[in-house]
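First the structure, in the form of structure tokens, and then the observations on it.
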Number of protein chains: 2
Amino acid sequence: MKPFHSYQNPSLAVDLVVFGYSHEQLSVLLLNRKEAPFQDQWVLPGAFLQMEERFRDTCSRVLKTKLGMDDVYMEQLYSFDDPGRDPRGRAIAVAYYALVNPARVAVSAGSMANDVAWFNVRELPGLGFDHKEIFDLALQRLRSKITYFPVGFELLDELFTMPELHELYECILDTSIDRRNFRRKIIDSDYIINTGKKREGAQNRHPDLYKFNKKLKKNGFQINV
Amino acid sequence: MKPFHSYQNPSLAVDLVVFGYSHEQLSVLLLNRKEAPFQDQWVLPGAFLQMEERFRDTCSRVLKTKLGMDDVYMEQLYSFDDPGRDPRGRAIAVAYYALVNPARVAVSAGSMANDVAWFNVRELPGLGFDHKEIFDLALQRLRSKITYFPVGFELLDELFTMPELHELYECILDTSIDRRNFRRKIIDSDYIINTGKKREGAQNRHPDLYKFNKKLKKNGFQINV
DNA sequence: TCAAAAGTGTTTCACGTACACCCATGC
DNA sequence: GCATGGGTGTACGTGAAACACTTTTGA
């Protein structure tokens with residue numbers, strides 16, 4: 001058995017669509033490039049894969065650098081292979097999307113970027129490379145996933161209220177959902193637990209605080225748009 | 001703007017899960033390897049990506065070589081990156097699955113394999129590399145996809161009967177489906193057209209022949225397991 | 001005319017949807 | 001006590017599931 005002959009392979013990178021939710025808005029993390037190509041343009045964070053490194057490790061490395069964050073929920077999205085997608089040469093991108101709570105992270109541009117910032121997904125600037133395409137697919141996937149699997153909790157604080165979860169769903173799905181039917185579906189799914197505590201401070205009734213049920217049972221749910 | 005420095009990149013290959021359906025059985029196409037590693041073991045067909053080649057082109061090349069077939073339905077599945085997945089060195093695999101009609105193709109082993117054959121998905125041999133994992137994910141994806149999107153037709157002849165389509169669904173989903181409710185859901189979806197012809201030969205009532213409606217309208221469907 | 005399988009229709013029931021009411025809190 | 005928003009209950013209708021009957025064909 002002979003090892004691979006060292007013929008040339010395409011460059012291999014991961015690109016990350018990092019979603020954050022705060023102030024009732026869904027946002028994406030973007031970098032402003034310091035160097036060509038696409039100098040001074042906004043792009044998704046990413047990094048080249050190092051030998052012996054797994055996609056997930058590369059993602060974690062980027063998230064740690066840009067966000068100072070560990071233990072982030074992420075999922076592989078799709079692999080992009082258009083030969084013209086990077087003007088520097090052939091480059092394959094394996095895209096992941098991640099869900100974080102912006103309140104818990106401190107973004108920092110690092111040496112490779114002029115700036116790093118959260119953008120509301122409804123007011124995106126033009127993106128370099130094929131990153132608009134990647135972002136569009138990620139948003140589509142997130143919307144689909146959230147309707148049948150409990151990923152929404154990743155975007156909220158550990159304790160959250162039902163109205164907060166409801167607002168999150170309406171924001172991400174960009175639609176209105178009957179709050180009473182929504183409540184029932186979520187409760188019936190057994191994915192969340194009522195802590196008995198209440199969110200204080202509001203000048204009207206104090207809503208119950210829930211937490212995510214990590215040992216998720218069989219019950220699923222289905223939020224219809 | 002400088003081009004990529006030529007540091008070493010992992011090898012990049014595509015692996016294909018080719019599904020076929022005939023004689024009321026779902027099958028997968030496997031190759032028997034002529035060389036190490038995994039000599040004389042069964043594996044999924046695949047090929048290394050050539051520079052300037054897209055995943056889809058590599059897949060087509062494999063399908064053309066192994067099956068003498070063009071115009072095959074295929075879809076990207078997932079990318080696999082375990083550093084230990086190939087004993088010859090670091091190799092990334094982008095997996096695709098394809099749906100073909102075995103009646104229309106002539107499989108040939110080619111120079112790289114001892115043999116090539118269809119295996120019933122319920123009686124798979126042990127597979128080399130991480131190909132069992134890839135196969136499992138592909139079957140899961142196919143099962144999920146077929147419940148809401150018209151991919152089943154890719155596995156049948158151009159003209160097919162309702163009982164044939166029904167049998168296909170029961171086989172792939174490995175469950176029984178009420179034939180009358182199934183018929184209604186498919187008809188209501190507008191994905192198929194009654195040609196007016198009938199399948200001759202059977203010694204009982206001759207079923208209507210349908211064809212796939214390529215200009216698919218908005219109506220979807222949902223086959224529940 | 002009989003068996004086997006395909007085409008068509010109907011009843012039933014569960015779930016999703018729409019909607020109304022009561023409760024808690026701060027001013 | 002009043003405005004605001006959160007928690008709970010219920011009637012209704014649509015659509016999926018369960019099921020029966022008729023039709024067509026070859027032997």
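Since we're looking at a predicted model, the values are computed, not measured. In the text below, chain A, chain B and the rest are named by the order of the sequence lines, each starting its count at 1.
- Contacts classified as salt bridge (Lys or Arg N to Asp or Glu O under 4.0 Å) and involving residues 91-103 of chain A (residues at least two apart or in different chains) are not found.
- Listed by chain and number, the residues in a side chain to side chain contact (heavy atoms under 4.5 Å, CB included) with A/Arg184 are A/Asn181, A/Asp188 (sequence neighbours excluded).
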Once base and sugar-phosphate atoms are separated, protein heavy atoms under 4.0 Å mark nucleotides 17-27 of chain D, 5' to 3', with B, S and - as BBBB--BBBSS

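- Residues satisfying the salt bridge (charged side-chain N to carboxylate O under 4.0 Å, His left out) test with B/Lys132, not counting sequence neighbours, are B/Asp136.
- Here chain B contacts DNA chain C (any atom closer than 4.0 Å to a heavy atom, that is under 4.0 Å), and the contacts span C/dA4 to C/dT10 from 5' to 3'.
- Scored by the salt bridge (charged side-chain N to carboxylate O under 4.0 Å, His left out) test, A/Arg61 finds A/Glu53 as partners (sequence neighbours excluded).
- Contacts with DNA chain D (heavy atom under 4.0 Å) in residues 147-172 of chain B: none are found.
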I'd like to know whether A/Asp15 forms a side-chain contact (heavy atoms from CB on, under 4.5 Å) with A/Leu77, so could you lay out the CA-CA distance, the side-chain angles of the two residues, the decisive distance to 0.1 Å, and finally the verdict. CA-CA 10 Å; A/Asp15 283 325; A/Leu77 182 64; over 6 Å; no

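- Applying the salt bridge (Lys or Arg N to Asp or Glu O under 4.0 Å) test to residues at least two apart or on different chains, the pairs with a partner in residues 112-122 of chain B are B/Arg122-B/Asp174.
- Residues passing the salt bridge (charged side-chain N to carboxylate O under 4.0 Å, His left out) test with B/Arg141 are B/Glu75, sequence neighbours excluded.
- Looking at residues two or more places apart in sequence or on another chain, you find a side-chain hydrogen bond (donor to acceptor under 3.5 Å, both in side chains) between B/Arg199 and B/Glu164.
- Evaluation of the ring-ring contact (aromatic ring centres under 6.0 Å, His included) rule for A/Phe129 yields A/Phe38, A/His131 as partners, not counting sequence neighbours.
- One interatomic measurement links the two molecules: CZ of A/Arg183 to P of D/dG9, which rounds to 10 Å at whole-angstrom precision.
- Applying the ring-ring contact (aromatic ring centres under 6.0 Å, His included) rule to A/Phe80 yields the partners A/Tyr78; only residues at least two apart in sequence or on another chain are considered.
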